[in-house]
Student: 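Dumping the structure here so I can ask a few things about it.
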Amino acid sequence: MAKHFISDIVEADLAEGKHARIQTRFPPEPNGYLHIGHAKSICLNFGLAEQYGGACNLRFDDTNPTKEEDEYVQAIKRDVAWLGFDWQEREYYASDYFEQLYEWAERLVEKGKAFVCDLTAEQVREHRGSLTEPGRESPYRDRSVAENLDLLRRMRAGEFPDGARTLRAKIDMASGNLNLRDPVMYRILHARHHRTGDAWSIYPMYDWAHGQSDSIERITHSICTLEFEDHRPLYDWFVAELGIFPPRQIEFARLNISHTVMSKRKLLRLVEEGHVSGWDDPRLPTIAGLRRRGYPPAAIRDFCDRIGVTKQESTVEFALLEHCVREELNRVALRRMAVLDPLKVTLVDWPEGKSEELEAVNNPEDPSAGTRTVRFGRELWIERDDFLEDPPKKFFRLAPGREVRLRWGYVVRCDEVVKNAAGEVIELRCTHDAATRGGGTPDGRKVKGTIHWVNAADAVDAEVRLYDHLFDREDPEAVEAGADFLSALNPASLEVRTGCKLEPALAAATPGERVQFERIGYFVADETDHAPGRPVFNRTATLRDTWARVQRQQGAE
RNA sequence: UGGGGCGUCGCCAAGCGGUAAGGCACGAGACUUUGGAUCUCGCAUUCGGAGGUUCGAAUCCUCCCGCCCCAACCA
């Protein structure tokens, strides 16, 4: 795992003997699905624990029953496990600590450090002051301990309606740090909680629950994102007033990636307004989406390792993520042949009804992946892009009178181009060189081009989904004045192809299986729609395409 | 105009007073039965700016500039 300022801190703490072992935690709120930004935090927290011989807890920060659901905790658990991390029996919930939190709240009231406030939400806001002006103290700030205790107990007992009162910490209304201006600890909420049901009518604010939850779990290094830096003095204040175990909070910059959005609010909107098919839409940066897109967990972990951990706000190029995916898949994905846009080839010198079995390598990067047999016959499908009637310079594929090698098959020459009434090419009539079986050229001649193909007699039809960036620009927020990020949606982010031709081995793929379609890209059998009788593949990433670059250069000249 | 944080190559990111790592991207070449992969080579005389300290500064000091976060009974 990479070295960074947080691992430096951990190493120093361990070296000084400040801790015998470290304890971290990943604390999601179960109000949405996890995305790759969370993966950065998961890899960091679980990674540090693993690297330094500590442990990492999975704790759900479920303090707001109006937004949280069990569906989300299930999805989060599945995603963390899929990423390759194990929290063992350490699955905790902030709601498990509600009783302890409440006891501590009474203790602060008794110490005169918290009070029940009757101000409305709007009045609290008015009293808070502004960024440049100090706030004003609540008129209820000096209630007696006895009255505060009585009111707090009645709040808990459910005697008051939602929003009628709050419990507030008594700190400093003049602080330059707004978080210290008598922050709310409890609000009245008659809402059913996904775990505690109707047991509570008051719920702790995140700021009141988080630090204490860390303390209860004896978290040595409480790692969070930059926006909580201002909250640290408050967390430290609570812990000091309570005299409980003090976790050390360390903040790092959250992950941003180009061409996509990462905020839960925006993701929720894309899902709810139907701009994508759901939380697991393969175009989304959600863990579920990346999984369905075919991204291997190892690639995501590698990515999180490479981007580093700093306090610098940054946006990582999508290309780096894609590089990690390709690197992993290149190593492990079996090669298969599939034709996405079929053009018929007939070998006129090949006997009708005759077929041969050829041996094809499964993965040139991994000899242990072995070989498979592919059937070759008189009629074949090739990629329409692999033929050009009037080829430009540097085009190495098929053209009238030209030779090309059919991968693992024979070298063939195009003798005749058949067109329909509209003038479109509908078939190529070719001859093969019998001496080139398997693709070799015994006479030593160079055949520059090699193209993929599928035998028409046993090709399997399939649906293939081609994905591209969900947004058409690096920064989806960089839109015309008055427009929002939805106007940056890429209309071509999904292209569904049907009637694609697959070699038979692909029809047997299991959902979630990742393969390389030779010369095209990496694909995955869709985890929910793919079935033996109805193959459906999603494009994970294209292969690097040097020809496309050459074309761009030629076009630019 | 209050508080907090950050400014090193197109994008990430090392560097912690001794004279700018690495990755991605990009470009050139080699090799190739995937125009894939792989391999070589190139890519910041300069570290937001200006002063200063020092034999020596991205690293220390001063001032300035820019960007981000904070005024939910959200997290």
Side-chain angles (χ1 to χ4, degrees), chain A residues 2-4 27-29 31 61-64 66-68 117 119-122 124-126 128-135 162-168 174-181 183-189 202-203 205-207 209-210 224-233 251 253 258 264-265 306-324 326-327 330-331 335 337 360-361 364-365 394-397 405-409 411 436 438-441 447-452 474 516-521 542-550:
Chain A
K3 243 183 86 60
H4 42 72
E29 181 192 14
N31 70 340
D61 269 337
D62 53 353
T63 55
N64 185 354
T66 65
K67 290 186 178 167
E68 296 147 7
C117 181
L119 254 25
T120 64
E122 303 86 274
V124 168
R125 193 185 327 120
E126 287 161 15
R128 189 149 29 226
S130 72
L131 293 180
T132 51
E133 301 158 317
D162 285 3
R165 301 178 209 270
T166 56
L167 180 73
R168 295 223 260 156
S175 174
N177 183 343
L178 269 31
N179 295 115
L180 264 23
R181 319 245 264 226
V184 172
M185 295 164 64
Y186 276 104
R187 72 289 214 179
I188 297 172
L189 223 48
I202 57 174
Y203 288 93
M205 296 294 291
Y206 173 86
D207 278 347
H210 193 79
C224 64
T225 44
L226 255 27
E227 68 271 27
F228 292 105
E229 202 148 18
D230 287 341
H231 298 235
R232 193 174 59 218
E251 308 84 10
S258 68
K264 273 190 185 176
R265 201 201 102 242
R306 291 198 200 204
I307 55 177
V309 178
T310 68
K311 297 189 69 137
Q312 174 112 31
E313 304 255 13
S314 65
T315 299
V316 177
E317 289 179 342
F318 185 83
L320 177 60
L321 211 209
E322 203 158 51
H323 168 81
C324 295
R326 289 196 183 106
E327 191 171 76
N330 175 53
R331 226 174 46 232
R335 273 57 170 176
M337 292 199 284
V361 171
E365 303 295 319
K394 294 186 184 171
F395 183 81
F396 308 140
R397 285 110 93 149
R405 173 169 34 243
L406 296 177
R407 182 86 156 143
W408 311 120
V411 172
T436 60
T441 47
V447 176
K448 184 86 174 162
T450 300
I451 66 174
H452 60 278
E474 283 190 16
Q516 182 194 100
F517 287 180
E518 292 221 29
R519 301 208 310 132
I520 303 175
T542 58
L543 245 29
R544 284 183 62 210
D545 189 349
T546 305
W547 170 235
R549 195 180 357 150
V550 170

Student: Taking OP1 and OP2 of B:rC24, is either one under 4.0 Å from a side-chain nitrogen or oxygen of A:His323?
Tutor: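 Yes.
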
Student: Can you identify which nucleotide, out of B:rC68, B:rA75, B:rC70, has its nearest atom closest to the A:Phe228 side chain?
Tutor: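 Of the options given, the side chain of A:Phe228 lies nearest B:rA75.
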
Student: Tell me whether A:Glu29 is salt-bridged to A:Lys67, with the criterion being a basic N under 4.0 Å from an acidic carboxylate O.
Tutor: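 A:Lys67 and A:Glu29: not salt-bridged.
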
Student: Treating primed atoms plus P, OP1 and OP2 as sugar-phosphate and everything else as base, which nucleotides of nucleotides 35-43 of chain B get B, S or - for protein heavy atoms under 4.0 Å?
Tutor: BBS------

Student: Would you tell me if any nitrogen or oxygen in the side chain of A:Arg306 comes within less than 4.0 Å of OP1 or OP2 on B:rC12?
Tutor: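 Indeed not, no polar side-chain atom of A:Arg306 lies that close.
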
Student: Please work out whether B:rA58 sits syn or anti, treating a glycosidic angle within 90° of 0 as syn.
Tutor: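 Classified anti.
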
Student: Return the nucleotide paired to B:rC55: Watson-Crick means purine N1 to pyrimidine N3 with N6-O4 or O6-N4, wobble means G-U with N1-O2 and O6-N3, both under 3.5 Å.
Tutor: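 Paired with B:rG18.
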
Student: Once you apply a heavy-atom cut-off of 4.0 Å, does A:Thr315 come out as touching a base, just sugar-phosphate, or nothing?
Tutor: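 Here A:Thr315 touches the backbone only, sparing every base.
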
Student: Output yes when a side-chain donor or acceptor of A:Ser258 lies under 3.5 Å from a complementary backbone atom of A:Phe318, and no otherwise.
Tutor: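 Between the backbone of A:Phe318 and the side chain of A:Ser258 there is a qualifying donor-acceptor contact (under 3.5 Å).
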
Student: Hydrogens and angles aside, do A:Ser314 and A:Gln312 bring a side-chain donor and acceptor to less than 3.5 Å of each other?
Tutor: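 The criterion, which ignores hydrogens and geometry beyond distance, is not satisfied for A:Gln312 and A:Ser314.
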
Student: Between A:Arg265 and B:rC74, is there a side-chain N or O to OP1/OP2 distance below 4.0 Å?
Tutor: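 Answer no for this pair, as no side-chain N or O of A:Arg265 is under 4.0 Å from OP1 or OP2.
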
Student: Counting any heavy atom closer than 4.0 Å, what does A:Ile307 reach on the DNA or RNA strands: base, sugar-phosphate only, or nothing?
Tutor: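 Here A:Ile307 touches the backbone only, sparing every base.
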
Student: Using the C1' atom on both, measure B:rU8 against B:rG22 and round to a whole Å.
Tutor: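 About 14 Å, rounded to a whole number of Å.
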
Student: Indicate whether OP1 or OP2 belonging to B:rA75 is found under 4.0 Å from a side-chain N or O atom of A:Thr63.
Tutor: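 Indeed, a polar side-chain atom of A:Thr63 lies that close.
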
Student: Would you indicate whether the side-chain heavy atoms of A:Leu320 and A:Ile307 approach each other to under 4.5 Å?
Tutor: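 Sidechains of A:Leu320 and A:Ile307: in contact.
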
Student: Quick one: look up who B:rC63 pairs with, Watson-Crick or G-U, both distances under 3.5 Å, and put none if it's unpaired.
Tutor: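 Pairing partner, where one exists within any strand: B:rG49.
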
Student: Is A:Ser314 touching bases, backbone alone, or none of the nucleic acid, heavy atoms closer than 4.0 Å?
Tutor: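 Touches sugar-phosphate only.
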
Student: Compare the minimum distances between each of B:rG23, B:rG5, B:rA75 and the side chain of A:Glu229, then state the nucleotide with the smallest one.
Tutor: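 Closest nucleotide among those given: B:rG5.
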
Student: Which nucleotide, B:rU33, B:rC73, B:rC74, lies nearest any side-chain atom of A:Glu29?
Tutor: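 Minimum distance to the A:Glu29 side chain belongs to B:rC74.
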
Student: If you take atom types as modelled and just measure distance, does the side chain of A:Glu317 reach the base of B:rG10 with a donor-acceptor pair under 3.5 Å?
Tutor: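 Pair found.
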
Student: Tell me what A:Asp230 touches on the nucleic acid: a base, only sugar-phosphate, or nothing, going by heavy atoms under 4.0 Å.
Tutor: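 Contact class for A:Asp230: base.
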
Student: Does the A:Arg326 side chain pair with the main chain of A:Leu543, one donor and one acceptor, at a distance under 3.5 Å?
Tutor: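 Side chain of A:Arg326 to backbone of A:Leu543, a donor-acceptor pair under 3.5 Å: no, none is there.
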
Student: Donor-acceptor pair, A:Asp230 side chain versus A:Asn177 backbone, under 3.5 Å?
Tutor: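 Flag not set: sc A:Asp230 to bb A:Asn177 has no pair under 3.5 Å.
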
Student: If we take the P atom in both B:rC64 and B:rA25, what is their distance in whole Å?
Tutor: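 Comparing P positions in B:rC64 and B:rA25 gives a spacing of 42 Å.
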
Student: Picking from B:rC73, B:rC69, B:rG2, which would you name as closest to the side chain of A:Arg128?
Tutor: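 The nucleotide sitting nearest to the side chain is B:rC73.
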
Student: Say we look at B:rA44 and B:rC9: how far apart would their P atoms be, to the nearest angstrom?
Tutor: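 Each nucleotide's P atom is 12 Å from the other's.
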
Student: Base, sugar-phosphate, or nothing for A:His231, non-hydrogen atoms under 4.0 angstrom?
Tutor: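 Counting heavy atoms under 4.0 Å across all strands, the contact made by A:His231 includes a base.
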
Student: Can you tell me the pairing partner of B:rC39 across any strand shown, Watson-Crick or G-U wobble, with both distances under 3.5 angstrom?
Tutor: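 Base partner found: B:rG29.
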
Student: Taking only the P atom of each, what is the distance from B:rA13 to B:rG29 in whole angstrom?
Tutor: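 It comes out at 33 Å once rounded to the nearest Å.
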
Student: Once rounded to the nearest 0.5 Å, what's the spacing between atom OH of A:Tyr203 and atom CG of A:Asp62?
Tutor: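 If I round to the nearest 0.5 Å, the distance is 9.5 Å.
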
Student: So A:Leu119, base contact, sugar-phosphate only, or nothing? Heavy-atom distance under 4.0 Å.
Tutor: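 Base contact - A:Leu119 has a heavy atom under 4.0 Å of at least one base atom.
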
Student: If we take the P atom in both B:rU59 and B:rC47, what is their distance in whole Å?
Tutor: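 Here B:rU59 and B:rC47 have their P atoms 9 Å from each other.
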
Student: At under 4.0 Å, does any side-chain N or O of A:Gln312 touch on OP1 or OP2 of B:rC67?
Tutor: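 The answer is no; no side-chain N or O of A:Gln312 sits under 4.0 Å from OP1 or OP2.
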
Student: Counting only side-chain N and O atoms of A:Thr310, is one of them less than 4.0 Å from OP1 or OP2 of B:rA13?
Tutor: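 Looking at the OP1 and OP2 atoms of B:rA13, one of them is under 4.0 Å from a side-chain N or O of A:Thr310.
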
Student: Tell me which nucleotide, if any, is Watson-Crick or G-U wobble paired with B:rC24 when both distances must be under 3.5 Å.
Tutor: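 Paired with B:rC24, as far as the under-3.5 Å criterion goes, is B:rG10.
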
Student: In chain order, what residues pass the side-chain contact (heavy atoms from CB on, under 4.5 Å) check against A:Val184, with sequence neighbours excluded?
Tutor: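 Only A:Thr166, A:Arg168, A:Met205 meet the side-chain contact (heavy atoms from CB on, under 4.5 Å) criterion with A:Val184.
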
Student: Is the number of heavy atoms from other residues, nucleotides or ligands under 6.0 Å of A:Lys394 NZ greater than 12?
Tutor: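 No, not enclosed.
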
